[in-house]
Amino acid sequence: MTSRRKFIKAGLLSGLTAFPLASYSNAPAFDLQEHVQDDLYTRVRKQLLVPPNRIYLNTGTLGPSPLPIIEKVAAITRQLEANPGPENFGSLNSEIEQVREKVARFIHAERNEVVLTRNTTEGLNLIAQALHLNAGDEIITTNLEHGGLEVGLDFLKATRGVTVKKIELPLPATNPDEVVRVIEKSIGPSTRMLVLSHVNTITGLVMPFHALSKITQPKNIFLVADGAQAAGMMALDVAHMGVDAYATSGHKWLLGPKETGFLYLKKDFQEQVKPVFTFSGFTAYSASSGTRNVANLIGLGATLDWHEQLGVEKIQSQTQTLAAYCLNELKKIKTITILSPEELSLASGIVSFSPQTIKNNQVAEKLAADEIIVKVLPQLNGIRISCHCFVSKKDLDQFITALKKALPA
Ligand SMILES: Cc1ncc(COP(=O)(O)O)c(C=O)c1O
């Protein structure tokens, strides 16, 4: 086993934020083939409806569902539509309850801490609407968050008079201790809550939540994670992260049915957050939830089974390895600026960059003409590449070649 392979393995085994501190900067040339698990790529790629000539690098926006998930949703829809009322509120209702159990296992929580939602935004909004905060209370976040997180903070500002402090992190960040220090320094006597992305939507930075929780817990500051870009990309352990709440979506890296998600609310935190949506209980269906989309929710459960069968850590290792390779290749291009961290403990399956002399959407359009699908970031003239395990080295090489062609000489 080479040292780099040991390195990646050690990081995975030791949990989310415990990669050994090191950088790729001075590392020898990265031999991706040595690390990539071809069996995983082959098994997953052929289950997708993405045509063979399309290179899909935009899972961070929406992931392509594998056929077994699509077929599960279709089968449940057929069962439901044969006898809607009795099916929905009979056996299918028991099945959606089991999805909460699956989510709880997937994130290391308890079933009574899990709410099935429609997406990350809804999960974060439930907190924003119901959290008891007073005028003058301060919430800390960063200046590079997704609108789905920001809208709840805007709501709290407008309706409760809270203050929202948006801190700037080093770009790209190079050291987790530095990230923690910047956030710690911003905490003041009125700070009541930190709301941060687990994996940043723009840079892909993995927030060192475990270290942050050691600072917030003694001060009784709530710690809330936006996990939209993390679930399905990496193993999740909300207990180890030390968060009070974790909201995510099923339709991104999990590759699950669209308009699915879940919200973790730690037992102690539930006293602080009592939205109408869970007033009649946390069950998937309740008087306060109203009728649910049982086919999609059962499909979400099937998605979690699918991940467990493939191996969550295997998927994590593959995405991080692919992203490290992608970043290494992008670094060789002189007319772009890398936005993502190289440092392994901060790096994820997302790699972003900013073209220096051309608009991001012009580059994305040229790539799309070659059937290479990337995400144009509204901020920083950025382009985001999502390296899920169904992406191959060949796909990334093709992307790099097409990118060089799309950039001005
Ligand atoms: C970090 C982050 N938060 C929230 C969202 C919103 O996700 P959803 O539309 O599934 O609610 C996204 C979507 O890209 C995201 O990247």
Side-chain angles (χ1 to χ4, degrees), residues 16 56-65 103 115-129 139-155 164 166-167 169 171 173 179 194-209 223-234 236 238 241 243 245-264 275 277 293 296-297 299-300 303 319 323 339-341 346-352 360 364 373-380 382-388:
L16 290 174
Y56 191 77
L57 302 172
N58 195 10
T59 298
T61 296
L62 272 185
S65 280
V103 170
V115 184
L116 299 181
T117 60
R118 295 184 298 135
N119 50 48
T120 306
T121 308
E122 182 173 68
L124 293 170
N125 287 351
L126 288 174
I127 299 172
Q129 282 167 11
I139 299 173
I140 293 174
T141 187
T142 80
N143 62 332
L144 291 180
E145 299 296 342
H146 190 274
L149 177 156
E150 287 182 324
V151 71
L153 303 186
D154 291 344
F155 171 86
V164 177
K166 294 187 179 181
I167 52 161
L169 294 176
L171 187 70
V179 171
L194 304 190
V195 189
L196 303 159
S197 285
H198 187 186
V199 171
N200 189 272
T201 195
I202 295 157
T203 63
L205 173 124
V206 180
M207 187 58 68
F209 268 99
L223 189 57
V224 174
D226 170 344
Q229 297 295 339
M233 178 206 272
M234 55 173 58
L236 298 181
V238 289
M241 287 174 75
V243 288
Y246 192 96
T248 191
S249 302
H251 42 235
K252 295 180 184 285
W253 292 81
L254 279 169
L255 314 180
K258 310 305 175 267
E259 202 175 306
T260 55
F262 51 85
L263 171 67
Y264 159 77
F277 189 70
N293 185 333
N296 276 3
L297 290 178
L300 175 66
T303 301
T319 59
L339 303 173
S340 299
L346 297 171
S348 68
I350 285 176
V351 182
S352 303
N360 53 2
I373 312 303
V374 299
K375 163 73 174 165
V376 170
L377 298 166
Q379 302 90 338
L380 306 171
I383 292 178
R384 183 180 70 196
I385 307 302
S386 298
C387 302
H388 211 311

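As the structure lists them, so they are numbered: ligands from 1, and atoms in each ligand from 1.
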Minimum heavy-atom distance F155-Q129, with the two atoms named: CE2-CA, 3.8 Å

Could you grab the distance from atom NE2 of H198 to atom CG of L236, nearest 0.5 Å is fine? 6.5 Å

Test V103 against every option in L263, V115, L116 by the side-chain contact (heavy atoms from CB on, under 4.5 Å) rule and name the one that passes. L116

Are the side chains of V179 and M207 in touch, meaning some heavy atoms are under 4.5 Å apart? yes

Protein residues near ligand 1, heavy-atom distance below 4.0 Å? G60, N119, T120, T121, H146, S197, T201, D226, A228, Q229, S249, H251, K252

Checking side-chain contact (heavy atoms from CB on, under 4.5 Å) against I350, which of V199, I385, T201 comes through? V199

Looking at E150 and K166, does any basic side-chain N land under 4.0 Å from a carboxylate oxygen? yes

